[in-house]
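In what follows, chains carry the letters A, B, and so on, assigned in the order in which the sequence lines appear, proteins first and then strands, with residues in each chain numbered from 1.
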Amino acid sequence: GAGVSQTPSNKVTEKGKYVELRCDPISGHTALYWYRQSLGQGPEFLIYFQGTGAADDSGLPNDRFFAVRPEGSVSTLKIQRTERGDSAVYLCASSFKGQLTDTQYFGPGTRLTVL
Amino acid sequence: SQQGEEDPQALSIQEGENATMNCSYKTSINNLQWYRQNSGRGLVHLILIRSNEREKHSGRLRVTLDTSKKSSSLLITASRAADTASYFCATVRNFGNEKLTFGTGTRLTIIP
């Protein structure tokens, strides 16, 4: 496909469990971003990858959150010991080079519900 | 954290009318972008305006930017039912990377 894809589209888990969310960016895009959107709010930045490296992880809320992009394409956001407050839509975006005026293309998001 | 706020939070207008949404932000920026979101999921990029630009047009969209007031407006002319969505402004700072800092959004409803 031509766009950013995310799997799963919905994830329901129990408090304390571990979850992984996957993002497939547009082919050839070196920059990849994760955002989190709570109900009624705008998305909030979590982490930015340039290639394989996490260039900016200043938005990760705590050490339960971790993300990887081992081959510079697919990225996985990992959340340990999930809490009810982690419930949100997790959005992934990619851009060609991550330059300041590059357009970010967003995936459809993963809705995470922690019971 | 959110960069700023959008005004109004919600707007309902008749089809064919113009819709205006405003956005305020807090820090100096490289550019400001507007996004549309349907049904609380994927965001679609609409338009980007650089900090040295004052106005930009794209189809039925007109964006203005006032860096002295740290504010922007989005005008959608001749609205259509398909324009019903949430609209967000997002800013990119002048240093670091291209991470977007979003506003709180305006929920626009077009009444057929």
Side-chain angles (χ1 to χ4, degrees), chain A residues 1-6 8-10 23 26 29-51 53-61 87-113, chain B residues 1-10 21 23-53 56 58 65 72 74 85-107:
Chain A
V4 178
S5 61
Q6 292 186 246
S9 56
N10 287 283
C23 171
I26 293 172
H29 281 191
T30 63
L32 185 146
Y33 304 80
W34 283 98
Y35 296 86
R36 178 170 72 171
Q37 186 175 23
S38 300
L39 191 64
Q41 300 293 314
E44 292 189 320
F45 169 79
L46 294 176
I47 187 169
Y48 157 64
F49 286 90
Q50 181 57 252
D56 182 353
D57 65 358
S58 61
L60 294 179
S87 296
V89 175
Y90 289 81
L91 296 163
C92 175
S94 70
S95 71
F96 182 49
K97 287 187 177 180
Q99 295 180 343
L100 296 184
T101 54
D102 281 352
T103 297
Q104 290 188 30
Y105 296 88
F106 281 80
T110 294
R111 184 179 300 279
L112 175 66
T113 302
Chain B
S1 61
Q2 305 287 172
Q3 165 70 291
E5 295 185 355
E6 288 168 70
D7 163 51
Q9 289 188 336
M21 289 159 272
C23 162
S24 63
Y25 58 91
K26 298 175 182 174
T27 63
S28 62
I29 61 171
N30 176 277
N31 66 79
L32 184 144
Q33 304 176 32
W34 285 88
Y35 284 81
R36 183 184 71 222
Q37 185 176 46
N38 292 91
S39 306
R41 298 302 282 265
L43 288 129
V44 174
H45 180 264
L46 296 176
I47 194 167
L48 179 153
I49 186 166
R50 299 171 192 250
S51 62
N52 61 354
E53 297 176 310
K56 202 162 184 181
S58 176
L65 179 65
S72 174
L74 172 67
S86 291
Y87 291 81
F88 294 90
C89 68
T91 55
V92 176
R93 298 185 73 170
N94 253 326
F95 56 90
N97 61 68
E98 199 216 351
K99 64 183 176 187
L100 296 164
T101 304
F102 285 85
T104 51
T106 293
R107 176 68 192 169

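Other residues, nucleotides and ligands contribute at most 12 non-hydrogen atoms within 6.0 Å of the CD atom of B/Gln9. Enclosure of atom OH in A/Tyr105 is not indicated, since only 12 or fewer non-hydrogen atoms of other residues, nucleotides or ligands lie within 6.0 angstrom.
The distance from the CG atom of A/Asp102 to the CD atom of B/Glu98 is 5.5 Å, given to the nearest 0.5 Å. The OH atom of A/Tyr48 sits 11.0 Å away from the NZ atom of B/Lys99 when rounded to the nearest 0.5 Å. The distance from the OG1 atom of A/Thr101 to the CD1 atom of B/Ile49 is 13.5 Å, given to the nearest 0.5 Å.
Only the side chain of A/Ser95 comes within contact range of chain B, with at least one heavy atom under 4.5 Å from a heavy atom of that chain. Proximity to chain B is limited to the side chain of A/Ser58, based on heavy atoms less than 4.5 angstrom apart. For B/Leu48, the part lying near chain A is the side chain, with the backbone staying farther off; criterion is any non-hydrogen pair under 4.5 Å.
Nearest heavy atom pair, residue B/His45 against residue A/Gln104, reads CB-O, 4.4 Å. Minimum interatomic distance between A/Gln37 and B/Phe88 (heavy atoms only, all atoms of both residues): NE2-CZ, 3.6 Å. For the pair A/Leu100 and B/Asn31, the tightest heavy-atom approach, listed with the atom from each and the gap, is O-ND2, 2.8 Å.
A/Ser94 is linked by a side chain to side chain donor-acceptor pair (under 3.5 Å) to A/His29, counting only residues two or more places apart in sequence or in another chain.
Chosen from B/Leu100, B/Val44, B/Asn94, the residue pairing most often with chain A at heavy-atom distances under 4.5 Å is B/Leu100.
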